[in-house]
Structure formats: C-alpha cells, structure tokens
Amino acid sequence: MDSSHYPTLYQVNTRVWLQRLTQQLSRPATLNDIPDSVLDEWVQCGFEWIYFLGVWQTGVAAPQVSRTNPEWVAVYERLLPDLTDEDVCGSCFAVTGYIVHQKLGGKAAMERLRDRLHQRGIKLMLDFVPNHTAPDHPWATDHPEFYVTGTEEQLAREPQNYCRLGDRILAYGRDPYFAGWCDTLQLNYGNPDFQAAQVNELLNISQLCDGVRCDMAMLVLPEIFQRTWGITAAPFWETAIAKVRAQHPGFVFMAEVYWDMEWTLQQLGFNYTYDKRLYDRLLEQHARPVRQHFWADLDYQTKSARFLENHDEPRAAGSFPPDVHRAAALLTFLCPGLRFFHQGQLEGFKQHISIHLQRGPAEPVDAAIQAFYQQLLACLRLDVVRNGFWQLADCYPAWDDNWSSDDFIAFSWRSKTGNRLLVVVNYAPHDSQCYLKIPGAGDLAGHEYQLKDLMGAVAYDRPGDLFLTNGVYFDLPPWGYHVFEFTQLNHN
C-alpha cells in the first residue's frame, strides 16, 4: 500500500461512533460491527489513512474524575441537556494500557478491522500518548519511579498540579502553560528505565497499525521537559522512531505539536506535524499572513498536517461562516501536506464533542457543505494534487492603487505528465481584482487552454502566454474561488 506524496486522512471518533451503532443495533457494538459499506465509502472518498481515535484500554479512576470535575461537567451539559453518567466514559488519553479496549472488541476485532482496511488499500493510524497515563495504570503501582514525584510543599502550593496517591505525591500530566490534567499522572523522561519501557510500548503498538498520532509530542523533548519539571532527560523520539522503523521501515509518525516546534520534530523523524498556525491564520480571516505561511520551505510543508478541525478544535462549520469555511477549506486541503479530515466535518456538524464523552448530539446534515466537500474530495482524488509539483502563484494589482490583489492566494499544481490545476482564492470579505502569473510555467507558452472550474460551473478559454507575461485578470466576489483544470486546445 503505497501512499501518495500528499495523502488524505480521516479521523474517526471511535467511541462516539460505536455508541451510535449500539443504539441502532440495540446491542453493544464493537469494531466488528463497522459495515463494509462504510469502508467502501472511505475508498470512494479517496482516504488513504483512517485514524481511529481512542481505542486503548482506560480504567475507572479517570472516568470518575471526568464525572466529578465541575468545569468539565458544565461543558458536557451544554452539549447534552439529557446527560447521564453513562455518557461520560473518561478521556481517551488517560490510558491504562496499549491494549484495545475490551468494549470495542479487543485486539482481535482491531486486527480484523485493520485487515479489512488493508484489503481496500487504506492504512490504520492509532494514538500514542507519550506524556502521561491514567492514575490507575499498572505502572503507578508496579513502577512508581516511572512518574514525576512532588513534595508536601508542592502539593500545598500547587494542588492543581499534584495529587496524593497512597503514600506518594505524584504530578499530574501537564504542559508548562496550563494547570495539570487531573485525570492523569506525569511520566518521568529523566528515568532511562522508563524510556526503555516506553519504547517497548511503541513497538507493541506498531504491531497493530501503520502509524501513530503522538499526543502533545513536544512535551517530552529534553528542553521542554527540563523547563516544565526541572529534570534532565535524554532524547526520546530519535531512539524510539529509529527502533520502530528498524522493525517497520514504513511506519508513520504524526505529531500533535505547537509553540513553533514543528520543524524540530520533523528533523527528529516525524513524517507529519500539526499545522496549527495555518489554521489560526485562516481563522483570523486575513489573507496576507496565510499567503506568507505558504512561503515556507516545501520540505516543511510536505510534512505538515493541514486541518480545519479535529477532536481538540471546534467544528469548522461552527467557527467559520459558510462562505469563509469553503474558501478556508480549499486553501487547507489543496496545498501540500497531509490532508486531515475529521468525522462530522464533511456533513457540516457544528457541535464539538468532548473527548470525555461517548455520545454526541444528533445534528442535521448541512446539504450545501456536504455537496461542497464532495466536490473538494473529487479534486483531491486527482493525481496532480496527490503527487504533483506545487508552486505559489504571483498576484499583481489590477490597476494603480488597487490594493485588493493582496487578498488573493493562488497556487498551481503540475503533474509529471503535464496536467495542471490552478487554485485561486479571494480570502477577503469584499470584491478583489488582480492579474495572476504562474512562475516557471514556460510549457504553457504558445498553447490555448480551456480552464474548467472543478468547484463551479464556469469555463474559460485563455492563451497560456498570458500566465507568463501580463497575467490573467481575475475579479472575484468576497471569499470567492476557482479550481481550474487546464485542458490544451491546440498543439502548436
């Protein structure tokens, strides 16, 4: 199963989805109950990766915290007015072991699902949570030295960051900018025996899937760990990635990462790193910072995971007005990198579901958003945007003192066989005009082309020379866009 250069990934909220299947089947649903027809739909959509969120075994301690934390409960109740204790299953990142949860069908069910995906040419991604475990992980009893400890003074001064467990004071898992996650315990990367055990956990996971999404991956970098805990730690990722790839050369690592640490993790061997900065800039709805983001080195962009929503972020349909949503989606998913979609995004769902819940609200499908994504996914199935050469295009003022050209973001794709695609977006709340040129497009000279909009109904005939000399004139409405496929009309 060879992935394209720029693959697509679809994230499934496993526990919420199986709970919905449970209601439909009137019996507990497991991974075995996922219909073949759904897997076939994923193939039709062009997804090359399916990321099943939250499949690992959890205990009883973390769900109890999830059910009693007043701040968290208030979030659940706003989402589910008819909330019950059963709905609160606890965070899927408070893991007691990298064993497929018994309620999901266990390891055998996951292996069957993986094989069903592989038969269709789809790869499987699962979670790895490097920074912390659930409070009732076996290590908390058998290997307390694997955790960061605290003092009575620290517990008294920072009860949000430490807890008493038996006769020990242990730290909650956290990042340095927020209070601890009170349903977890912090692992100690200063302990070499723990690091060896953690590598073994990764090796076990790699037997079951084709890649992992590593939760808050930057927290275990030595410099971050030192800053957070005052503990010197040896590097982890270089060793872990090398050992996994020694057994599974094609194994893929994707990092959830922030704080401008993306390039650092890419250099340590991560195939993909979250591109939260692109998301944030699109959310601000200003074109120039978005265009400048695309100035980054192509190697960096190729390893960026582009998304408009995921289990941590609000729903795109709830955060972006519909016209902005469509423009932002084209820029997110038609640029280089891993294209990361989230279950419910394609239907235009607006309610974000907490990772502590196994049930979400019933929501209507937004037919307009659904139709848009069907068109976009059809574009993403084209080889030119899966394996082609990407280049940012140049947009120039349409006339003196017309500053609206600054609101255009445009890029071209070219395949090895000469197929071309041109993406043009007016990322602004007003009409904008520009002349557009494509750098390095000398092969267009001397030919006439039909430009057919794959996301609309228009088509234009234009001489290729225009893209090299004066530029092609564009006048687009607020948040307007085109995705033009080039068809040569003559063969001079």
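Only a predicted model underlies this, so the values are computations on that prediction, with no experimental measurement involved.
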Would you please classify the geometry between the F251 ring and the H248 ring as parallel, tilted or perpendicular, with 30° and 60° separating the classes? tilted
As an exercise, state the distance from CD1 of I205 to CD1 of I99, rounded to the nearest 0.5 Å. 11.0 Å
Is the ring pair H132/W181 parallel, tilted or perpendicular, if the boundaries are 30 and 60 degrees? tilted
Measure the shortest side-chain to side-chain distance between N188 and F225 over non-hydrogen atoms and say whether it is less than 4.5 angstrom. yes
Do other residues, nucleotides or ligands put more than 12 heavy atoms under 6.0 Å from R288 CZ? no
Do N69 and H356 have side-chain atoms, one donor and one acceptor, less than 3.5 Å apart? no
Has Y272 got a side-chain atom pairing as donor or acceptor with V252's backbone, closer than 3.5 angstrom? no
In chain order, what residues pass the ring-ring contact (aromatic ring centres under 6.0 Å, His included) check against F349, with sequence neighbours excluded? none
Among residues two or more places apart or on two chains, list those pairs meeting side-chain hydrogen bond (donor to acceptor under 3.5 Å, both in side chains) that have a residue in residues 233-243. none
Using a cut-off of 6.0 Å, state whether more than 12 heavy atoms not belonging to Y177 lie near its atom OH. yes
With distance as the sole criterion, is a donor-acceptor pair present between the side chains of D127 and Y51 under 3.5 Å? yes
Tell me, please, which residues at least two apart from H137 pass ring-ring contact (aromatic ring centres under 6.0 Å, His included). W139
OG1 of T264 to CD1 of I224: how many Å apart, nearest 0.5 Å? 9.0 Å
Who passes ring-ring contact (aromatic ring centres under 6.0 Å, His included) against Y98, sequence neighbours left out? W56, F128
CD1 of I369 to NE2 of H325, rounded to nearest 0.5 Å, is 5.0 Å
So, taking the atom named CZ in R291 and the one named CD1 in I409, what distance separates them when rounded to the nearest 0.5 Å? 6.5 Å
Contacts of type ring-ring contact (aromatic ring centres under 6.0 Å, His included), residue Y6, not counting sequence neighbours: W413
Minimal non-hydrogen separation, W17 against V12, with atom names: CE3-CG1, 3.4 Å
Is the closest side-chain heavy-atom distance between L104 and M110 below 4.5 Å? no
Can you pull out every salt bridge (charged side-chain N to carboxylate O under 4.0 Å, His left out) where at least one residue sits in residues 245-266? Sequence neighbours excluded, please. R213-E256, D260-R277
side-chain contact (heavy atoms from CB on, under 4.5 Å) with L357: of L83, V16, N13, only one passes, and it is L83
Looking only at side chains, do T84 and D87 share a donor and an acceptor under 3.5 Å apart? yes
Parallel, tilted or perpendicular for F341 and F333, by the 30°/60° rule? parallel
Measure the acute angle between the ring planes of W42 and Y10, then classify it against the limits of 30° and 60° as parallel, tilted or perpendicular. tilted
Within-4.5 Å side-chain heavy-atom neighbours: R114 and F52: no
When you look at CD of E153, are more than 12 heavy atoms from neighbouring residues, nucleotides or ligands closer to it than 6.0 Å? no
Compute whether any side-chain donor of one residue and acceptor of the other, for Q345 and Y373, lie under 3.5 angstrom apart. yes
Before accepting this row, confirm whether a basic side-chain N of the pair R164/E152 lies closer than 4.0 Å to the acidic partner's carboxylate O. yes
From CA spacing to verdict: side-chain contact (heavy atoms from CB on, under 4.5 Å), E86, Q358: CA-CA 8 Å; E86 185 184 353; Q358 65 176 353; 3.8 Å; yes
